[in-house]
Amino acid sequence: MTENKRILVTSALPYANGPIHLGHLAGAYLPADVFVRFQRLRGEDVVYVCGSDEHGAAIVIKALKDGTTPQAIVDRYHEMAEKDFAAFGMSFDHYGRTSSPTHRETAREWFRTIAEDFVLKTERQLYDPEAKLFLADRFVIGTCPNCQHPDAYGDQCEKCGSALSPAELIDPRSTVSDATPELREVSHWYLPMGAHQARLEEWIATKTHWKSNVLGQIKSWFTLGLGDRAMTRDLPWGVPVPEDVAQAAGVDPEGKVLYVWFDAPIGYVSASREWAEAQGDPDRWKTYWQSEDTRLLHFIGKDNIVFHTLSFPLMMMLHGDRGAKYVLPENVPANEFLNFEGKKLSTSRGWAVWLGEALEAFPADYLRYALLRALPETKDSDFTWADFQAHVNNELADNLGNFINRTVAFCVKYLDGTVPAIEERDDVTALFAAASEHAAALTLALDECRMRDAINELMSISRAGNKFFNDAEPWRTRRDDLAHCHTTIAACLQLCASLSIYIDPFLPFTAQRLRAILRLEGVRDSRPGGEGELGWAEAGGRLLSPGHALGEPEILVRKVEDAEVTAQRELMEKRAAEAAAAASGGAPYTPVKDDIVYDDFAKLDLRVGKVLVAERVKKSKKLIRCEVDLGFERRQILAGVAEHMSAEDLQGATVVVVANLAPRKMMGMESQGMLLMAEDREGKLVRLEAPSEPGSTVS
RNA sequence: GGGCCCAUAGCUCAAUUGGUCAGAGCCCCCGGCUCAUAACCGGGUCGUUGCUGGUUCGAGUCCAGCUGGGCCUACCA
């Protein structure tokens, strides 16, 4: 590790078809950010890149369904991700996107370089003639030949669990357009991974320090035998296959793009190029990617293991055979998944905590702390709002926050807020020895990406501080042994100053506030390009000299109230219920009626009316009697809406009225028209506003 | 169907790779303290290490089987 001159860190590119949630953070982002900030504070030469993954069929299909363009979708989620990541304190050196020109150029260069290693194959694939898209098996549904389940997927029936191929389905249909898919012949370039399995196995054999879940997964792939993997797709969205390569192979390049899993990892490289350009040194990225002594780490979730440990490394090896050599990952510390309140995360079922929303309710550092405590390092873990509250209140606030607060408050209240002189004393020596022991363990854990262990060591430091404070009893010695009291507080203040560095990778915002309270200057910022002579190595030393004036004491970590976490839980429950209603159990949309010609529509006379009087009709469940001003006359209209709104809701409203509906008697009263209302799938009525003057026609 | 990971205190996790009585933190209970965010410090309760068998002087650790949870199975990116 020490022989490495620089560190290159990547986090999996988030797919730009939805917002960032806490599951993303726990897997690939927060651990990487902690690691990177730590290395920067240590003075290591580190570059951290990430970006939005913006290609692929899923985005095209989402665009079709939403009636918009892929570009509009990726723009939206790219912006959202950037904003949420920044608010969460992610400290990328560069956050790119795979739709950028640099990326297109980079990915095409890679494809061109290793094109000779690909195998061109022609196969039959499902095509949706209506959406004009080739379909993944997953996007075809039909009746299961085994159990007759009507909605079996093209790859598997979820009812009986049998593995299927789309051709076996009875009455197959596209989930995109409902059209019947047809088989078409297409040619694609395949990466023949099986041919290079021995080479990959040899390389993986050297990675004995990798996590067992990662190695196990890889072993499983090897046992299965690596196969050919298509590196191109027929899609209207993506990086186009280089035309010269296609023409040389006798293939029409029209509509052919690089497969997202070919182009996404290259996104790390193109993000680095963009970073280098922004640094004013366009070739600088090569120093990191194309040298042996770079320590490359990919932070990912477990679903990405195969791509980061087998296919991308193979791509790098092949690129190295024919062109520039790339450094292979030193480690791929994949995390497992985070569950929420005991249930699997599912964006379609509305079961997730969106980062943007969580940040509206709580400071980023609280979320960072609780997530680090619940990090799925060895197995799936569970995030509950109760645990979140307990971790923040009992550990962050009571242990760390309170140690700092009691120290600073004591100094300000009784010692003029001036750092006192420190004298030699056995318990102080013991305190610093204990602290540096924990700091050494903390350092090792951080360097090995064991974040849960790291945070344990961190909390042990402030726990030791609390014990020292208690045992030394400065509140008593300030009356009978002032020098003793001074030394106690000075020691605690030194510890606080050290903590402002130790907590920085985990809690960057709190660390800065703490330094402001201590008026501690010169500590290096853990964000990219941070300057300052004080770093991780200086953390154990004397950072505050006697006579130094402290700033205003301030509560660093406030407690999370019961009501706050209850609100979050309820928000999740509500969203899940909505999603469930919308998905299956919910009422279907009312089918569209048969076509009418314009003349049929023109027979309607729609007018704007103002409701002057609205009152419930006695003995009627549904009716509200309205007197409506149509400008030219005043009418009595009976509206059957009392189950959905009160008379007061209608009073004074400007609404759309069917003015030429034949009068009709209800409950002994005549209704001279009809008020238009919107009715949703659940049958709920909402009034239509017509902000115009009474009597206006509506067409 | 096949492969892989995981299972230890009420909860979240350790256990130097087979070696003393299986340890921490949180929760809970008792005591102390009062500088501090009803914070802090000390003490305590809680375990047939998922189940069944095997190897061994010795098994949480190795082997076989079973049960349960999870992931992957190549187009969910």
Side-chain angles (χ1 to χ4, degrees), chain A residues 12-17 53-59 98 125-126 134-140 153-156 161-163 166 191 193 211-230 233 259-265 301-307 310-311 334 336-337 339 344 348 373-382 384 386-387 390-391 393-395 397-399 401-411 413-414 452-453 455-456 459-460 463 465-476 478 485 488-489 492 553 555-559:
Chain A
L13 307 188
Y15 199 57
N17 71 342
D53 178 9
E54 307 191 319
H55 294 139
I59 282 169
T98 58
Q125 287 191 355
L126 290 159
F134 282 89
L135 298 170
D137 296 351
R138 192 60 198 229
F139 290 108
V140 181
Y153 289 105
D155 54 352
Q156 194 190 24
S162 53
L191 179 63
M193 297 186 66
K211 291 170 66 172
S212 62
N213 57 341
V214 175
L215 288 174
Q217 195 62 243
I218 296 168
K219 213 179 118 199
S220 151
W221 284 91
F222 284 152
T223 308
L224 224 64
L226 301 178
D228 298 347
R229 182 153 190 152
R233 293 284 185 277
Y259 170 45
V260 281
W261 268 120
F262 180 81
D263 99 71
K302 63 175 159 184
D303 51 337
N304 284 179
I305 289 173
V306 65
F307 303 106
L310 299 178
S311 56
E336 304 284 301
F337 285 158
N339 296 326
K344 266 173 74 171
S348 59
R373 280 259 117 164
L375 225 50
E377 285 183 332
T378 53
K379 59 181 175 188
D380 289 358
S381 65
D382 197 26
T384 69
D387 286 347
H391 286 142
N393 289 0
N394 303 336
E395 300 166 26
D398 289 351
N399 180 345
N402 182 53
F403 170 65
I404 289 158
N405 187 52
R406 71 197 297 201
T407 301
V408 174
F410 191 100
C411 182
K413 200 162 161 189
Y414 300 111
R452 277 190 328 220
D453 288 347
I455 211 145
N456 262 323
M459 295 314 282
S460 296
R463 196 172 297 118
N466 273 319
K467 179 168 169 48
F468 170 80
F469 198 114
N470 252 61
D471 294 347
E473 302 183 305
W475 59 89
R476 196 173 52 73
R478 95 183 159 85
C485 173
T488 301
I489 295 303
C492 288
I555 296 290
L556 262 189
V557 183
R558 68 169 178 83
K559 300 249 188 161

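So that the names make sense, note that chain A is the first sequence line, chain B the second, and so on, each numbered from 1.
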Chemist: Do the side-chain N or O atoms of A/Lys211 get closer than 4.0 angstrom to the phosphate oxygens (OP1, OP2) of B/C5?
Modeler: no

Chemist: Examine B/U34: is either OP1 or OP2 under 4.0 Å from a nitrogen or oxygen in the side chain of A/Arg476? Give yes or no.
Modeler: no

Chemist: How long is the line joining CG of A/Leu375 and C1' of B/U12, in whole Å?
Modeler: 12 Å

Chemist: Step by step, work out the side-chain contact (heavy atoms from CB on, under 4.5 Å) result for A/Asp380 and A/Lys302.
Modeler: CA-CA 10 Å; A/Asp380 289 358; A/Lys302 63 175 159 184; 2.8 Å; yes

Chemist: Hey, is the main chain of A/Met193 close enough, under 3.5 Å, to the side chain of A/Arg229 for a donor-acceptor pair?
Modeler: no

Chemist: Students often get this wrong, so: under 4.0 angstrom with heavy atoms, is A/Glu336 touching a base, only sugar-phosphate, or nothing?
Modeler: nothing

Chemist: Under 3.5 Å, is there a donor-acceptor pair between the side chain of A/Thr98 and the main chain of A/Glu54?
Modeler: yes

Chemist: Please give the distance between the P atoms of B/G44 and B/A22 as a whole number of Å.
Modeler: 16 Å

Chemist: When we call it a touch if two heavy atoms are under 4.0 Å apart, what does A/Gly465 touch: a base, just sugar-phosphate, or nothing?
Modeler: nothing

Chemist: Can you say whether the rings of A/Phe469 and A/Phe410 are parallel (under 30°), tilted (30 to 60°) or perpendicular (over 60°)?
Modeler: perpendicular

Chemist: Rounded to whole Å, please give me the gap between NE2 in A/His391 and C1' in B/C13.
Modeler: 10 Å

Chemist: Could you measure between the two P atoms, the one in B/G2 and the one in B/U45, and give it in whole Å?
Modeler: 47 Å

Chemist: Mind checking who B/A22 pairs with, Watson-Crick or G-U wobble, both distances under 3.5 Å?
Modeler: none

Chemist: To the nearest Å, give me how far apart CD1 (A/Ile218) and C1' (B/C5) are.
Modeler: 13 Å

Chemist: In whole angstrom, what separates A/Ile404's CD1 from B/A39's P?
Modeler: 17 Å

Chemist: Distance between the P atoms of B/G68 and B/A14, in whole angstroms?
Modeler: 25 Å

Chemist: Just so I know, are the side chains of A/Asp398 and A/Lys559 near enough to count as touching, which here means a heavy-atom distance under 4.5 Å?
Modeler: yes

Chemist: Does a side-chain heavy-atom distance below 4.5 Å link A/Asn405 with A/Leu556?
Modeler: no

Chemist: Just checking A/Phe403: base, sugar-phosphate only, or nothing, at a heavy-atom cut-off of under 4.0 Å?
Modeler: nothing

Chemist: So which nucleotide from B/C35, B/G25, B/U37 ends up closest to the side chain of A/Trp475?
Modeler: B/C35

Chemist: Mind checking if A/Asn405 touches a base, just sugar-phosphate, or nothing, with heavy atoms under 4.0 Å?
Modeler: base

Chemist: Find which nucleotide of RNA chain B each of A/Tyr414 and A/Arg452 is nearest to by heavy atoms, and output the residue with the more 5' nucleotide.
Modeler: A/Arg452

Chemist: Could you measure between the two P atoms, the one in B/U17 and the one in B/A36, and give it in whole Å?
Modeler: 48 Å

Chemist: Just how far, in rounded Å, is C1' of B/G25 from CG of A/Asp453?
Modeler: 12 Å

Chemist: Name the closest nucleotide to the A/Glu395 side chain, picking from B/U37, B/A74, B/G25.
Modeler: B/G25

Chemist: Both distances below 3.5 Å, Watson-Crick or wobble geometry, any strand: find the nucleotide opposite B/C4.
Modeler: B/G70

Chemist: Within the pair A/Lys302 and B/C4, is there a side-chain N or O less than 4.0 Å away from OP1 or OP2?
Modeler: no

Chemist: Measure from the side-chain heavy atoms of A/Ile555 and tell me the nearest of B/U37, B/C26, B/C75.
Modeler: B/U37

Chemist: Could you tell me the separation between the CG atom of A/Asn393 and the C1' atom of B/G25, rounded to a whole number of Å?
Modeler: 16 Å

Chemist: What's the closest nucleotide to the side chain of A/Ala58 if the choices are B/U37, B/A36, B/C76?
Modeler: B/C76

Chemist: Using a heavy-atom cut-off of under 4.0 Å over every strand shown, decide if A/Gly56 touches base, sugar-phosphate, or nothing.
Modeler: nothing

Chemist: Answer with base, sugar-phosphate or nothing: what part of the nucleic acid does A/Asn304 contact at a heavy-atom distance below 4.0 Å?
Modeler: base

Chemist: At under 4.0 Å between heavy atoms, what does A/Asp380 touch on the DNA or RNA strands: base, sugar-phosphate, or nothing?
Modeler: sugar-phosphate

Chemist: Between B/C26, B/A39, B/C75, which nucleotide has the shortest distance from any of its atoms to the side chain of A/Asn402?
Modeler: B/A39

Chemist: Distance check, P atoms only: B/G60 and B/U49, in whole angstrom units.
Modeler: 7 Å

Chemist: Among the nucleotides B/G25, B/A36, B/U73, which one has an atom lying closest to any side-chain atom of A/Trp221?
Modeler: B/U73

Chemist: Just by distance, do the side chain of A/Lys211 and the backbone of A/Ala334 share a donor-acceptor pair under 3.5 Å?
Modeler: yes

Chemist: Base, sugar-phosphate, or nothing: which does A/Arg463 touch, judged by heavy atoms less than 4.0 Å apart?
Modeler: sugar-phosphate

Chemist: Looking at the base of B/C40, is there any donor atom on it, or on the side chain of A/Asn466, that sits under 3.5 Å from an acceptor on the other one?
Modeler: no

Chemist: If the P atom of B/U16 is compared with that of B/C63, how far apart are they to the nearest Å?
Modeler: 16 Å

Chemist: Determine the Euclidean distance between corresponding P atoms of B/G18 and B/C27; express it in Å to zero decimal places.
Modeler: 36 Å

Chemist: Can you tell me whether the base of B/U17 sits syn or anti, using the 90° cut around 0 to define syn?
Modeler: syn

Chemist: I want to confirm an ordering. Mapping A/Phe468 and A/Phe410 to their closest nucleotides on RNA chain B, which one lands closer to the 5' end?
Modeler: A/Phe410

Chemist: Answer yes or no: is there a side-chain heavy-atom contact under 4.5 Å between A/Phe307 and A/Pro265?
Modeler: no

Chemist: Is there side-chain contact between A/Arg406 and A/Asn466, with at least one heavy-atom pair below 4.5 Å?
Modeler: yes

Chemist: Measuring only the C1' atom in each nucleotide, how far is B/U73 from B/G58? A whole number of Å is fine.
Modeler: 41 Å

Chemist: Using a cut-off of 4.0 Å on non-hydrogen atoms, how would the nucleic acid contact of A/Lys467 be classed: base, sugar-phosphate, or nothing?
Modeler: sugar-phosphate

Chemist: How is A/Leu226 classified with respect to the nucleic acid when contacts are heavy atoms under 4.0 Å: base, sugar-phosphate, or nothing?
Modeler: base

Chemist: With respect to the phosphate group of B/C75, does any side-chain polar atom (N or O) of A/Arg233 fall under 4.0 Å of OP1 or OP2?
Modeler: yes

Chemist: Looking across every strand, which nucleic acid part, if any, lies under 4.0 Å from A/Phe134 by heavy atom: base, sugar-phosphate, or nothing?
Modeler: nothing

Chemist: Mind checking if A/Val408 touches a base, just sugar-phosphate, or nothing, with heavy atoms under 4.0 Å?
Modeler: nothing

Chemist: How close or far is atom C1' of B/C71 from atom CZ of A/Phe307, stated in whole angstroms?
Modeler: 14 Å

Chemist: Is the closest side-chain heavy-atom distance between A/Ser311 and A/Phe262 below 4.5 Å?
Modeler: no

Chemist: OP1 or OP2 of B/C76 less than 4.0 angstrom from a side-chain nitrogen or oxygen of A/Tyr15, does that happen here?
Modeler: no

Chemist: Is the shortest side-chain N/O distance from A/Asn470 to OP1 or OP2 of B/G42 below 4.0 Å?
Modeler: no

Chemist: Can you tell which of B/C71, B/C40, B/C75 lies closest to the side chain of A/Gln217?
Modeler: B/C71

Chemist: In whole angstrom, give the distance that lies between atom CG of A/Asp387 and atom P of B/U12.
Modeler: 8 Å

